[in-house]
There are 2 protein chains.
Amino acid sequence: MTAPHATSCPMDSILRLLMGPWTSYILWILQSEGPLRFGALKRKVPGISAKVLTERLRLLEEAGVIFRDYKPTIPPQVTYGPADRGKELAEVFKTLNAIGRRWAEEDKMEKAGKAA
Amino acid sequence: MTAPHATSCPMDSILRLLMGPWTSYILWILQSEGPLRFGALKRKVPGISAKVLTERLRLLEEAGVIFRDYKPTIPPQVTYGPADRGKELAEVFKTLNAIGRRWAEEDKMEKAGKAA
DNA sequence: TAAAGTACGTACAATATAGTAACTATCGAT
DNA sequence: ATCGATAGTTACTATATTGTACGTACTTTA
């Protein structure tokens, strides 16, 4: 009874997956830079902690958005990259990026106009 | 230095706007059911509190995703509905919904297969 | 006089999330 | 023998967000 905000809408589960801090950025990097090892990925996301990065990667993997390739060498090598579902999302990301960029432009224009 | 997760990617601001509990559902309702008054909208989102609904509506309005029409009658009538930017997002929502639905289907199939 | 409805705002508590730091195992190098 | 690297995990703390309950201003209804 704590968090009943059931939405019964499939989009919501995707948004909920992507929403936390870092998440979309992580996915964006994996999509644009291809498969990366944990340490390399962490270095690409400055400021993130290992804990949160692990957590996010687990969620994304569970959702089938990224793959995880674990090689039990010593030291272990774990590589992450976009899976099929991640590539599907990439399309939506592109659209959202375009929209976001345009909105930012519009906001800037409007502000400039107001300043007159 | 508390939350530095700067992403420098325009999509992120949109995701951050939509991500809280209820938010996408509210927008979805306004898109599919057209303009609604505060009370009517609240009844469509069972479980949400007036406080959070107000907060979400303010954010969406500030982003230009919905409009707010205030009529200072007694009692006041405040109507919310999708604005131009909201209609833009509707396209993305449709795509995300389709993807989400398909993923749910696939997951169900896979689970059924595993049960054998 | 009191209750109820509208559209909120505010204060406070509860909860969820994120951050920090230290710890794990193993090996090679120093 | 200790350090450092890899890829985390665990415990604990700090912060942010949510939820709950009540207050507001005004009018109508009982």
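When reading the values below, keep in mind they use all heavy atoms of this one structure, side chains included, and skip hydrogens, waters and symmetry mates.
If you take CG of B/L57 and C1' of C/dG9, they are 14 Å apart, rounded to a whole angstrom. Atom CD1 in B/I74 sits roughly 10 Å away from atom C1' in C/dT6 (whole-Å rounding). For the pair A/E55 CD and D/dA7 P, the interatomic distance rounds to 19 Å; values are reported in whole Å. Rounded to whole Å, the distance from CG on A/L53 to P on D/dA7 is 11 Å. Straight-line distance from the CZ atom of B/R43 to the C1' atom of C/dT6: 10 Å, rounded to whole Å. Residue B/L59 contributes atom CG, which lies 16 Å from atom P of D/dA16 at whole-angstrom precision. Protein atom CE of A/M19 is 13 Å distant from nucleotide atom C1' of C/dA18, rounded to whole Å. Straight-line distance from the CZ atom of A/R68 to the C1' atom of D/dT6: 12 Å, rounded to whole Å.
Taking 4.0 angstrom as the limit, A/R16 places none of its side-chain polar atoms (N or O) nearer than this to OP1 or OP2 of C/dT17. Between C/dC8 and B/R56, no contact under 4.0 Å exists linking OP1 or OP2 to a side-chain N or O. Applying the 4.0 Å criterion to OP1 and OP2 of D/dG19, one finds that B/W22 has a side-chain N or O inside that range. Distances shorter than 4.0 Å separate none of the side-chain N or O atoms of A/R37 from OP1 or OP2 on D/dT6. Put simply, A/R58 has a side-chain N or O that comes within less than 4.0 Å of OP1 or OP2 on D/dG8. Dashed line: the shortest gap from a side-chain N or O of B/Y70 to OP1 or OP2 of C/dT6 is not under 4.0 Å.
Proximity note for A/P76 (side chain, C-beta onward) versus D/dG19, D/dT6, C/dC8: the nearest is D/dT6. Closest to the side chain of B/V78, out of D/dG8, C/dC8, C/dG19, is C/dC8.
Residue B/T54 is classed as a sugar-phosphate contact, given heavy-atom separations below 4.0 Å to backbone atoms only. Using a 4.0 Å heavy-atom distance criterion, A/K51 is classed as a base contact.
Considering A/V45, A/L27, A/I26 in turn, A/I26 is the only one that fulfils the side-chain contact (heavy atoms from CB on, under 4.5 Å) rule with A/R56.
Annotation: side chain to side chain donor-acceptor pair (under 3.5 Å) contacts involving residues 34-47 of chain B, sequence neighbours excluded, comprise B/E33-B/K44.
Classification of the B/Y80-B/F38 ring pair by plane angle, with boundaries at 30° and 60°, yields tilted.
Nearest-nucleotide positions on DNA chain C place B/A50 closer to the 5' end than the other of A/G20 and B/A50.
One finds the CZ atom of B/R58 at 9.5 Å from the CG atom of B/L53 (value rounded to the nearest 0.5 Å).
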A/R102 and A/E105: CA distance, side-chain angles, deciding distance, salt bridge (charged side-chain N to carboxylate O under 4.0 Å, His left out) verdict: CA-CA 5 Å; A/R102 186 153 36 77; A/E105 271 298 311; over 6 Å; no
